[in-house]
Amino acid sequence: MPGGETGCGSGATGGPRGGALDLPARGPETLLLKRHFTGENLAQVRAQVEDTAASAGLCGVRLGEFTLAVSEIASNAVEHAGGRGHLELRRLPDELECRITDEGPGFVPAIPELLPGLTEACRGRGLWLARLVTDRLTVTTDTTGAGAAVTLAMRLG
């Protein structure tokens, strides 16, 4: 975020963080981006997410945080769920929402409250970081091999 930008237009920063909010969508939604990804095209997908999110109204620090969170979750799908995933980015009335799904083995989501350790024995930094910087994060998983879905969102305005 060049120049230390902190917000758009009115200077709003979006309120409390930490993924504690789980607000239902109000009104129509618009699908902005839908695509499959692999490790080979992950950088291109990040750029598309950033450009699309900027066009939808995110900017400055919020844009960088959203792009980072999406990147972390997509990278997790590549690393832990068979090397690929599917991403859908939607504009809701008050939010920008991204849902990332995979067909991996599923997992038991454990998102630590504090910064996880920096060793292989203590994993979960991607989910932790995404939860920290977004306004809403939910994980749905099936440990029978049907994959996982992570939905994250940032409020607009």
Side-chain angles (χ1 to χ4, degrees), residues 1-2 5 8 14 17-23 25 29-92 94-156:
M1 286 37 62
E5 297 175 49
C8 301
R17 303 280 177 89
L21 298 176
D22 194 10
L23 304 173
E29 61 182 49
T30 304
L31 181 63
L32 302 174
L33 178 64
K34 180 177 180 177
R35 65 170 299 161
H36 293 281
F37 60 86
T38 65
E40 293 177 7
N41 68 355
L42 201 50
Q44 178 187 21
V45 171
R46 283 184 201 116
Q48 285 181 314
V49 166
E50 184 172 34
D51 290 346
T52 305
S55 295
L58 282 181
C59 63
V61 171
R62 302 279 288 166
L63 174 61
E65 290 173 340
F66 185 78
T67 304
L68 175 64
V70 170
S71 177
E72 286 294 321
I73 302 305
S75 295
N76 281 353
V78 168
E79 183 179 348
H80 303 291
R84 64 179 182 216
H86 181 77
L87 178 146
E88 292 185 3
L89 185 60
R90 288 184 169 77
R91 169 76 158 77
L92 306 177
D94 299 323
E95 292 181 315
L96 189 60
E97 177 186 89
C98 185
R99 180 176 173 89
I100 298 172
T101 57
D102 64 54
E103 296 177 7
F107 65 103
V108 176
I111 306 171
E113 293 295 321
L114 301 174
L115 176 63
L118 300 177
T119 67
E120 285 297 310
C122 186
R123 304 180 64 85
R125 290 179 298 279
L127 282 171
W128 174 82
L129 180 62
R131 179 174 173 239
L132 181 69
V133 301
T134 59
D135 295 315
R136 177 169 56 91
L137 179 123
T138 58
V139 179
T140 307
T141 187
D142 184 340
T143 56
T144 65
V150 177
T151 304
L152 49 97
M154 293 285 244
R155 283 188 300 279
L156 295 168

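Computed from heavy atoms alone, side chains included, the values below leave out hydrogens, waters and symmetry copies.
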Q. Does a side-chain heavy-atom distance below 4.5 Å link Leu58 with Leu156?
A. yes
side-chain contact (heavy atoms from CB on, under 4.5 Å) with Phe66: of Val61, Val133, Leu96, only one passes, and it is Leu96
Could you tell me whether the side chain of Leu137 reaches within less than 4.5 Å of the side chain of Thr151, counting heavy atoms only?
no
Point to revise | Electrostatic pair Arg90-Glu88, nearest N-O below 4.0 angstrom | key: yes
Between Pro105 and Ala81 the two heavy atoms that sit nearest each other are CD-CA, 4.3 Å
Nearest heavy-atom approach of Leu152 to Ala69 is CD2-O, 4.1 Å
Spell out, as yes or no, whether a donor-acceptor pair under 3.5 Å connects the side chain of Asp102 to the backbone of Gly85. no
Distance col, row Asp135:CG vs Glu97:CD, nearest 0.5 angstrom, shows 12.0 Å
Side-chain contact, heavy-atom cut-off 4.5 Å: Val150 with Asn76?
-> no
Nearest heavy-atom contact between Leu42 and Ala74 is CD1-CB, 3.7 Å
Subject >> Glu50 side chain reached by Ser71 side chain, heavy atoms, under 4.5 Å >> reply: no
- For residues Arg84 and Glu103, determine if any side-chain heavy atom of one lies less than 4.5 Å from a side-chain heavy atom of the other. yes
CD of Glu72 to CD of Glu79, rounded to nearest 0.5 Å, is 10.0 Å
Value for CZ (Arg91) from CD (Glu29), rounded to nearest 0.5 Å, stands at 12.0 Å
Tell me, do Gln48 and Leu89 make a side-chain contact under 4.5 Å, heavy atoms counted? no
Nearest heavy-atom contact between Ala149 and Thr101 is CB-CG2, 3.7 Å
Exactly one of Leu129, Ile100, Thr134 clears side-chain contact (heavy atoms from CB on, under 4.5 Å) with Ile73, and that residue is Ile100
- Message: Measuring only between side-chain heavy atoms, which start at C-beta, is Arg62 closer than 4.5 Å to Arg155?
- Response: yes
